[in-house]
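One structure below.
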Amino acid sequence: MAPPVAVSPLIKTARYSALIAGILYGKKRYDNLKPIAAEERRIEEEEKKVREEQERIAKQLAEANEDTILK
């Protein structure tokens, strides 16, 4: 097996610079998207509550309708 070749300092610097730039970009992107996702979750929760209430009312109406038909 051949001994490892020394990597150029320029290449090492470029690799670590790209790594750090990627980490900073990811943090910035995450901070940008986090409030948007929180707002979407809040809206979805509100819609879910409304949908569950409508389903509950529809179920009560269906049961009342069945009771009316059976009598």
Give every donor-acceptor pair under 3.5 Å between a side-chain atom in residues 21-32 and any protein atom, sequence neighbours left out.
unit_1, atom_1, unit_2, atom_2, d
K27, NZ, D31, OD1, 3.1
K27, NZ, D31, OD2, 3.3

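Here the rule is side-chain contact (heavy atoms from CB on, under 4.5 Å) with E45, and of K49, R42, R41 only K49 fits it.
At a threshold of 4.5 Å between non-hydrogen side-chain atoms, the residues K48 and E52 count as touching.
Shown here are the side chain to side chain donor-acceptor pair (under 3.5 Å) partners of R56, two or more places apart in sequence or in another chain: E53, Q60.
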